[in-house]
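Data block below; observations after.
Quick caveat, the model's predicted, so the values are computed rather than measured. Note: hydrogens, waters and symmetry copies are ignored here, and every other heavy atom, side chains too, is used.
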Amino acid sequence: MRQADWQGRRAVVTGAAGFLGRHLIRALTQAGAEVTALDRVAPPTGLPNGVRWRQVDLMSPQGMRQGLELDPGQASRAMLFHLAALSMPVDCARDPQMARALNADMATALGRAWLEAGGRGMLFASTCLVYAPVIDGSDVREDYPVLARNPYTEAKLTAEQGLTSLAAEGDLALRIVRLGNVYGPGAHPGTVVPEAMAMARAGQTPLMRRPGEELDLIYVDDVIEGMRRLAALEPEPADRVVNLGSGRGWRVAKMAAEVSRLAGVDPPPDDQSQPGWGYRLVLDVSLLRRLTGWSPQTERLWGLEQTWRAYNA
């Protein structure tokens, strides 16, 4: 997708103050889009030019209407990126009712309100964690079985189902993007890469909770580019759900060893005795390549170095 494809287009981004939201509004404005940013908090410093920030509570019907209100005729040509969520599974486990309200009910209500406002295009950020455990070691395709194994994945799947029903019933042009494990500057401190970096910066060997796991770690710039490309396409029901990951596995202990190298501390052990050994969740991204003609480009060690520099800035 050429950057010119976003020149003068309108985009609405929920969760604009979050990790993905901050990166997305910057990339969209650099590509020439006119961005309306929605969040419960006040705008951060250094907001890119061309961003209209609306401090609204999307849990409130009034706040939702205010947030989605655009000039006459603009909504039909705009793209809604829904990123707002309770993003950490541990937080969802502590408060399942809030997880359901924020991650499921709000998403479906937002899709309905977007249609009522005259909108059509919507991209919903879901997660690869909705897939059932992989038993044969293969990369996970979009048609792989899903499983609501905890409040976080249950809410995400409920949101996917609610929005899919809206798309089937009406004019909602919906794209569901199941993300890999995203890392990069500004990532949530409870995610795997910042956890390793926090220990290493303290001069400790990064001993992870489940170092034997093999995950699909994808740099944030690739996530944003993938979202932009997918949002520029007309979604079809047959390919409404798209994986967005690196398509490559990276064992947590291997990642932690690279963080150790950057920090100058001793690396963690890496053998079959480590917790999580044998667990693998790596996304098949062949549909992403077929639809967009693109696949994630960031070399993972380079991405890790950029994240480490930002973490220590």
Exercise. Do Arg201 and Asn312 pass the side chain to side chain contact (heavy atoms under 4.5 Å, CB included) test, and can you show the C-alpha distance, the side-chain angles, and the key distance before you say yes or no?
Worked result: CA-CA 8 Å; Arg201 189 169 68 173; Asn312 288 280; 2.9 Å; yes
Exercise. Where do Asp270 and Trp277 land on the side chain to side chain contact (heavy atoms under 4.5 Å, CB included) test, with the steps shown first?
Worked result: CA-CA 10 Å; Asp270 181 20; Trp277 192 276; 3.5 Å; yes
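- Panel note: side chain Asp222, backbone Tyr219; no donor-acceptor pair is recorded below 3.5 Å.
- Arg26 approaches Pro48 most closely through the heavy-atom pair CA-CG, 4.0 Å.
- Within the model, atoms NZ of Lys156 and CG of Asn150 stand 12.0 Å from one another, a figure rounded to the nearest 0.5 Å.
- Between Trp308 and Tyr311, the ring planes are parallel. Angles under 30° get that label, and only those over 60° would be called perpendicular.
- Listed for the Arg54 side chain is a donor-acceptor partner under 3.5 Å among the backbone atoms of Glu69.
- At a threshold of 4.0 Å, the pair Glu234-Arg120 counts as salt-bridged, since one of the basic side-chain nitrogens sits closer than that to a carboxylate oxygen.
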Problem set entry | Test side chain to side chain contact (heavy atoms under 4.5 Å, CB included) applied to Glu299 and Glu305, step by step | CA-CA 10 Å; Glu299 199 281 319; Glu305 290 172 358; over 6 Å; no
Exercise. For Glu160 and Arg178, what are the C-alpha separation, side-chain angles and deciding distance, and is it a salt bridge (charged side-chain N to carboxylate O under 4.0 Å, His left out)?
Worked result: CA-CA 10 Å; Glu160 287 189 12; Arg178 290 179 179 161; 2.7 Å; yes
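- Counting only distance, with no hydrogens or angles, the side chain of Asp216 and the backbone of Leu283 share a donor-acceptor pair below 3.5 Å.
- Taking each heavy atom of Trp6 and Ala11 in turn, the nearest pair found is CZ3-CB, 4.3 Å.
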Problem set entry | Residues Glu195, Arg209; criterion salt bridge (charged side-chain N to carboxylate O under 4.0 Å, His left out); working and verdict | CA-CA 10 Å; Glu195 279 189 346; Arg209 288 169 292 176; 2.8 Å; yes
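- Taking each heavy atom of Ser87 and His188 in turn, the nearest pair found is OG-CD2, 4.5 Å.
- Nearest heavy atom pair, residue Pro133 against residue Tyr144, reads O-OH, 3.2 Å.
- When all heavy atoms are compared, the tightest approach of Gly180 to Cys128 is CA-SG, 3.9 Å.
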For this session: Would you check, one step at a time, whether the test side chain to side chain contact (heavy atoms under 4.5 Å, CB included) holds for Thr191 with Tyr183?
Result: CA-CA 8 Å; Thr191 52; Tyr183 73 101; over 6 Å; no
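- How far CD of Gln66 is from CG of Asp57: 10.0 Å, rounded to the nearest 0.5 Å.
- With hydrogens and angles left out, the side-chain atoms of Asn243 and Tyr131 include a donor and acceptor closer than 3.5 Å.
- Leu70 pairs with exactly one of Arg10, Arg77, Arg52 by the side-chain contact (heavy atoms from CB on, under 4.5 Å) rule, that one being Arg10.
- Side chain of Trp114 to main chain of Gly121: a donor-acceptor pair is present (N/O by atom type, distance under 3.5 Å, no hydrogens or angles).
- Side chain of Thr205 to main chain of Leu207: no donor-acceptor pair is present (N/O by atom type, distance under 3.5 Å, no hydrogens or angles).
- Atom OG1 of residue Thr14 and atom CE of residue Met122 lie 7.5 Å apart, to the nearest 0.5 angstrom.
- In this structure, CH2 in Trp250 is found 12.0 Å from CD in Glu214, a value given to the nearest 0.5 Å.
- Atom CZ of residue Phe81 and atom OG1 of residue Thr36 lie 12.0 Å apart, to the nearest 0.5 angstrom.
- Other residues, nucleotides and ligands contribute at most 12 non-hydrogen atoms within 6.0 Å of the CD atom of Gln62.
- The backbone N or O of Ala16 sits less than 3.5 Å from a side-chain atom of Asp39, completing a donor-acceptor pair.
- Although no hydrogens or angles enter the test, the distance criterion places a donor-acceptor pair under 3.5 Å between the side chain of Arg175 and the main chain of Asp239.
- The two atoms that bring Ser260 and Pro268 nearest to each other are OG-CD, 3.7 Å, heavy atoms only.
- When each of Thr164, Leu123, Leu166 is paired with Leu174, the side-chain contact (heavy atoms from CB on, under 4.5 Å) condition holds for Thr164 and for no other.
- Counting heavy-atom neighbours within 6.0 Å of Arg141 CZ, excluding the residue itself, gives a total of 12 or less.
- More than 12 heavy atoms of other residues, nucleotides or ligands sit less than 6.0 Å from atom CG of Asp136.
- Put simply, CZ on Arg229 and CG on Leu288 are 9.0 Å apart, with the number rounded to the nearest 0.5 Å.
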